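In this text the structure is predicted, and so the values were computed from the model without any measurement.
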Amino acid sequence: MKTIVVLGAGLAAAPLIRQIMRTAVLTRKDLRMIVVAPNTHFHWPIAMPRVVVPGQMADEKVMYPLDTIFGQYPADKFEFVLGKASTLDPSGRLITVALNAGGVQSVAYDTLIVATGSSAKDDMPWKTLGTTDKTVETLRRLQKDIRDAKTIVVAGGGLTGAETAGELGFEYAKDGTKEVYFIHNRDLPLSPPVLHSVRKQIKVELEKMKVKVVANTTVTKVTKSSGGDTVLELREADGSTRTLRTQAYVPTTGLTPNTSFAPASMLDDGGFIKQTTHLQAEGYDDIFVIGDAGSLEVSKAYIAEAQMVHLVKALPVYLDGGKMAEYKVNSKEMVGITLGRSRATGQMGKFRVFSFLIWYMKGRFLGTDYAGLYAAGKKTMMTTFEK
């Protein structure tokens with residue numbers, strides 16, 4: 001019996017698990033699958049900028065129990081190991097797993113698929129924070145801070161920061177209920193290759209909602225005052241500094257790949273697993289990498305999906321002894337930015353997309369209308385699989 005091991009049970013992994021079970025594992029007597037992940041629930045990250053606003057979305061819209069999803073597979077063909085991969089020995093084809101319940105377990109593989117994703121810096125729930133319990137605990141604390149605050153500061157000028165500022169602006173700033181600041185270190189939110197017109201529109205829409213957009217500024221220090229406020233030290237482009245007090249600090253300052261288990265020789269300078277255009281780890285034909293953990297493309301949901309869909313089609317051929325098809329790296333910039341519950345902007349390639357279209361496609365539900373099917377592996381943002 002040969003074993004396929006999948007590390008991860010998130011955005012890149014969930015549809016792949018079901019489709020490889022359906023097209024390969026359950027149709028062949030010599031295959032089985034083991035999934036290793038520390039989270040008990042699938043986490044839908046796309047909706048999190050709205051979820052952090054108290055009362056906007058229930059947990060069941062963004063978190064789906066994996067035991068229900070995995071329970072459909074026979075025990076002799078499928079196993080779920082609840083824990084985090086701590087070391088990978090590629091020469092011995094062995095993974096050591098730190099179990100959530102305590103202790104360790106060794107998991108051997110014939111084919112390994114790394115889909116461990118990434119974690120948000122600053123211990124924020126934009127992505128799963130290790131276990132589901134820790135993610136929910138952190139989310140609840142953030143929601144409470146936002147609910148009780150008079151002033152909210154969102155820091156970080158990427159997609160998550162812009163969308164979170166938009167959600168908070170729509171809920172609180174536009175009617176003067178709370179002050180909302182959006183601090184970022186460029187002249188406009190996001191960065192090239194996102195179009196200048198798209199970046200400018202983000203600023204315009206946020207300011208319409210009375211969000212205080214603070215450009216060319218970096219948060220350099222975060223401390224707690226004796227009264228419980230968070231004190232932010234800010235450095236502006238000219239080098240001058242000032243402080244800003246807030247009761248809810250919401251950093252969105254980037255991602256770190258979840259690859260600490262891999263040998264250093266497999267990683268690039270950013271900590272990503274070095275990845276070929278066949279979606280294999282460099283030097284290891286039996287290790288596949290998809291999504292945020294890999295070095296081939298930037299960390300974006302639609303890219304993780306594209307890599308996953310390619311591997312769903314190509315892996316059964318590989319398992320039958322065939323040649324791996326080459327993955328075509330995406331060359332077009334695609335981005336959709338929701339700005340509150342009524343406005344949006346974005347681009348497709350070199351063209352800006354109408355606000356209404358982005359709102360209709362993404363902004364209404366932030367994918368929660370199909371997230372359950374995604375978690376079950378039956379649908380993605382762009383693809384519907386055979387059920």
Side-chain angles (χ1 to χ4, degrees), residues 43-57 61-62 118-129 135 138-174 177-186 188-191 194 198-199 201-215 217-219 222 230 232 244 246-255 299-301 335-346 358-359 362-368:
H43 177 267
W44 184 245
I46 293 170
M48 293 310 292
R50 188 167 297 168
V51 173
V52 300
V53 180
Q56 278 305 305
M57 279 190 179
K61 288 283 189 180
V62 292
S118 58
S119 296
K121 296 177 181 178
D122 299 298
D123 201 35
M124 296 298 287
W126 312 121
K127 303 275 189 173
T128 300
L129 293 171
T135 306
T138 304
L139 174 61
R140 293 286 179 269
R141 185 167 62 247
L142 180 58
Q143 289 172 328
K144 182 180 185 302
D145 287 348
I146 289 170
R147 184 185 66 241
D148 297 343
K150 294 181 179 179
T151 299
I152 306 168
V153 176
V154 179
L159 174 64
T160 301
E163 292 196 330
T164 303
E167 295 293 334
L168 293 167
F170 185 94
E171 184 72 11
Y172 302 118
K174 71 175 185 176
T177 305
K178 303 176 190 288
E179 284 189 313
V180 177
Y181 287 82
F182 179 39
I183 298 173
H184 60 90
N185 63 1
R186 297 185 176 90
L188 290 169
L190 277 66
S191 60
V194 177
V198 172
R199 299 171 66 205
Q201 191 63 30
I202 296 170
K203 179 177 183 290
V204 168
E205 295 294 346
L206 290 177
E207 288 180 337
K208 283 181 181 177
M209 290 184 283
K210 300 180 183 179
V211 173
K212 298 179 180 181
V213 180
V214 184
T217 300
T218 304
V219 177
V222 182
T230 298
L232 307 177
L244 178 63
T246 179
Q247 297 79 47
Y249 176 51
V250 188
T252 63
T253 52
L255 303 172
S299 299
K300 291 186 177 181
V335 62
I337 307 105
T338 62
L339 298 164
R341 300 197 295 276
S342 65
R343 299 291 294 169
T345 187
I358 299 293
W359 171 83
K362 179 183 178 183
R364 292 182 301 159
F365 308 114
L366 294 179
T368 57

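- Among residues two or more places apart in sequence or in another chain, the side-chain contact (heavy atoms from CB on, under 4.5 Å) test is passed with Thr217 by Ile183, Val214, Leu234, Glu236.
- With Glu163 as the partner, the salt bridge (Lys or Arg N to Asp or Glu O under 4.0 Å) test is satisfied by one option alone out of Arg343, Lys362, Arg50: Lys362.
- Side chains of Tyr181 and Thr246 form no contact here, defined as non-hydrogen atoms less than 4.5 Å apart.
- The ring-ring contact (aromatic ring centres under 6.0 Å, His included) search around Trp44 returns Tyr370, Tyr374, not counting sequence neighbours.
- Remark: side-chain polar atoms of Thr164 are not paired, donor with acceptor, to backbone N or O of Pro49 under 3.5 angstrom.
- Note that the NZ atom of Lys127 and the CG atom of Leu129 stand 11.5 Å from one another [nearest 0.5 Å].
- Minimum heavy-atom separation, Leu190 to Arg199: O-NH2, 3.2 Å.
- Expressed to the nearest 0.5 Å, how far CG of Leu142 lies from CH2 of Trp126 amounts to 6.0 Å.
- Between Thr138 and Pro125, the shortest heavy-atom distance links the atoms CG2-CD, 4.0 Å.
- Side-chain contact check for Ile358 versus Ile337: every heavy-atom pair is 4.5 Å or farther apart.
- Of the possible donor and acceptor atoms, one in the side chain of Thr252 sits under 3.5 Å from a partner among the backbone N and O of Ala155.
- The structure places CG of Leu206 at 10.0 Å from CD of Gln201, a figure rounded to the nearest 0.5 Å.
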